[in-house]
Amino acid sequence: MSVMRYEPFGEPFRGLDRLTSQLVSGRRTPMGMPMDVWQADDGYHVALDLPGIDPSSVEITCERNVLTIRAERRAEYEEGHNVLLAERPQGGFTRQLQVGDALDTSKVQATYDNGVLMLTIPVAESAQPRRIEVQTGRGGQK
């Protein structure tokens, strides 16, 4: 599994774009989903921080070895309310993981607890090490 950060315009422009969006909308724009990835005996594990996200808004898809996680957090206040301070990120969050053929993406398990989305991606059975028995020739003599 490789974890790639997609940065089409680089760091300087991302900060400027975020600042412009905040000034125009008056709201904080979403940042990335912080995550940890580790390998264990049963496959790979991914923990993504998504505090305040409704688990029903989380969408996980896999296409062409790219696992995509999307989530959305909406504001608690509504249009027309007098908002005094809005620092919590709102809107859509997306994270993509490129996974290798050795992983079984059809058996990905996802749980959400205390603001953390946990994914378990098992290693495909065809990619797991196996022992090959050595056969002896006929009669074992030359």
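Treat the numbers as computed from the prediction; the structure is a model and nothing was measured.
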Non-neighbouring partners of Asp42 that pass side chain to side chain contact (heavy atoms under 4.5 Å, CB included), sequence neighbours left out | Ala40, His45, Thr120
All side chain to side chain contact (heavy atoms under 4.5 Å, CB included) counterparts of Pro34, not counting sequence neighbours = Asp49
What is the minimum heavy-atom distance between [X] and [Y], and which atoms define it?
X: Met35; Y: Arg95; answer: CE-NH2, 3.4 Å
X: Arg70; Y: Thr94; answer: CG-OG1, 3.8 Å
X: Val123; Y: Gly43; answer: CG2-CA, 3.9 Å

Going from [atom1] on [X] to [atom2] on [Y], what distance comes out if it is rounded to the nearest 0.5 angstrom?
X: Leu84; Y: Tyr77; atom1: CG; atom2: OH; answer: 10.5 Å
X: Leu48; Y: Asp36; atom1: CG; atom2: CG; answer: 8.5 Å
X: Leu117; Y: Thr111; atom1: CG; atom2: OG1; answer: 7.0 Å
X: Met33; Y: Phe93; atom1: CE; atom2: CZ; answer: 7.5 Å
X: Leu119; Y: Ile60; atom1: CG; atom2: CD1; answer: 5.0 Å
X: Glu76; Y: His81; atom1: CD; atom2: NE2; answer: 11.5 Å

Under a side-chain separation threshold of 4.5 Å, the hydrophobic residues clustered together with Val66 are none
Hydrophobic cluster mates of Met118, side-chain heavy atoms under 4.5 angstrom, ILVMFWY only, any path?
-> Trp38, Val116
Where at least one partner belongs to residues 103-118, residue pairs that pass salt bridge (charged side-chain N to carboxylate O under 4.0 Å, His left out), sequence neighbours excluded | Asp104-Lys107
What residues form a side-chain hydrogen bond (donor to acceptor under 3.5 Å, both in side chains) with Asn65, not counting sequence neighbours?
-> Asp101
Without placing hydrogens or testing angles, list every side-chain donor-acceptor pair under 3.5 Å for residues 51-59, not counting sequence neighbours.
unit_1	atom_1	unit_2	atom_2	d
Asp54	OD1	Ser56	N	3.3
Asp54	OD1	Ser56	OG	3.2
Asp54	OD2	Ser56	OG	2.7
Ser57	OG	Asp54	O	2.8
Ser57	OG	Glu72	N	3.4
Ser57	OG	Glu72	O	3.1

Could you list the residues that satisfy salt bridge (Lys or Arg N to Asp or Glu O under 4.0 Å) with Arg64, not counting sequence neighbours?
-> none
Under 3.5 Å, is there a donor-acceptor pair between the side chain of Tyr112 and the main chain of Leu50?
-> yes
